[in-house]
Amino acid sequence: VDVLNLADLISDPGTDYSIQGIENSSGHLQLNIGVADSSGVVGAPVQEIELYNVTVGTADPAEMLNNLLANGGINDGV
């Protein structure tokens with residue numbers, strides 16, 4: 001089982017980073033990591049990760065991210 005481990009990046013002392021899931025221009029799920037505003041938007045990501053094998057289609061990217069976090073596909077260290 002593959003796991004994307006973002007725990008070190010997210011839990012870096014002195015940062016308040018969040019992960020935002022978006023659909024990028026290729027139609028894939030993209031993770032933007034950085035400081036999020038009050039609506040959860042990461043405006044200036046410190047890291048962008050495109051998941052090439054994860055097509056968004058008609059799904060909600062935020063829900064897809066939440067599912068990956070809940071099932072252990074992404075480890076955010078929380």
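Quick note: numbers below take in every heavy atom, side chains included, and nothing from hydrogens, waters or symmetry partners.
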Pairs involving residues 39-49, ordered by first then second residue, that meet side-chain hydrogen bond (donor to acceptor under 3.5 Å, both in side chains) (sequence neighbours left out) = Asp37-Ser39
Taking every heavy atom of Pro61 against every heavy atom of Gly21, the minimum-distance pair comes out as CB-O, 3.4 Å
Correct closest heavy-atom pair for Val54 and Met64 would be CG1-CE, 3.3 Å
What's the shortest heavy-atom distance between Tyr17 and Ile33, and which atoms?
-> CB-CG2, 4.2 Å
Counting only heavy atoms not in Asn71, do more than 12 fall under 6.0 Å of its CG?
-> yes
Tell me whether Leu51 is reachable from Val42 by hopping between hydrophobic residues (I, L, V, M, F, W, Y) whose side-chain heavy atoms are closer than 4.5 Å.
-> no
Identify every side-chain donor-acceptor pair in residues 24-31 under 3.5 Å, counting partners at least two apart or on other chains, and give the distances.
residue : atom : partner : partner atom : Å
Asn24   : OD1  : Ser26   : N            : 3.0
Asn24   : OD1  : Gly27   : N            : 3.2
Asn24   : OD1  : His28   : N            : 3.0
Asn24   : ND2  : Glu50   : OE1          : 3.3
Asn24   : ND2  : Glu50   : OE2          : 3.0
His28   : ND1  : Glu50   : OE2          : 2.7
His28   : NE2  : Tyr52   : O            : 3.2
Gln30   : NE2  : Asn32   : OD1          : 2.8

Among Leu68, Ile49, Asn67, whose side-chain contact (heavy atoms from CB on, under 4.5 Å) with Ile74 holds?
-> Leu68
Can you tell me how far CG of Asp76 sits from CG of Leu6, rounded to the nearest 0.5 angstrom?
-> 7.5 Å
CA sep, side-chain torsions, deciding dist, call: Ile19, Leu65, side chain to side chain contact (heavy atoms under 4.5 Å, CB included) | CA-CA 8 Å; Ile19 308 171; Leu65 170 60; 3.8 Å; yes
State plainly whether one hydrophobic cluster holds both Ile22 and Val46, where clusters connect Ile, Leu, Val, Met, Phe, Trp and Tyr through side-chain heavy atoms under 4.5 angstrom apart.
-> no
Linked, directly or transitively: Val35 and Leu9 (ILVMFWY side chains, under 4.5 Å) | yes
State, to 0.1 Å, how close Gly57 and Glu23 come at their nearest heavy-atom pair, and which atoms those are.
-> O-OE1, 4.3 Å
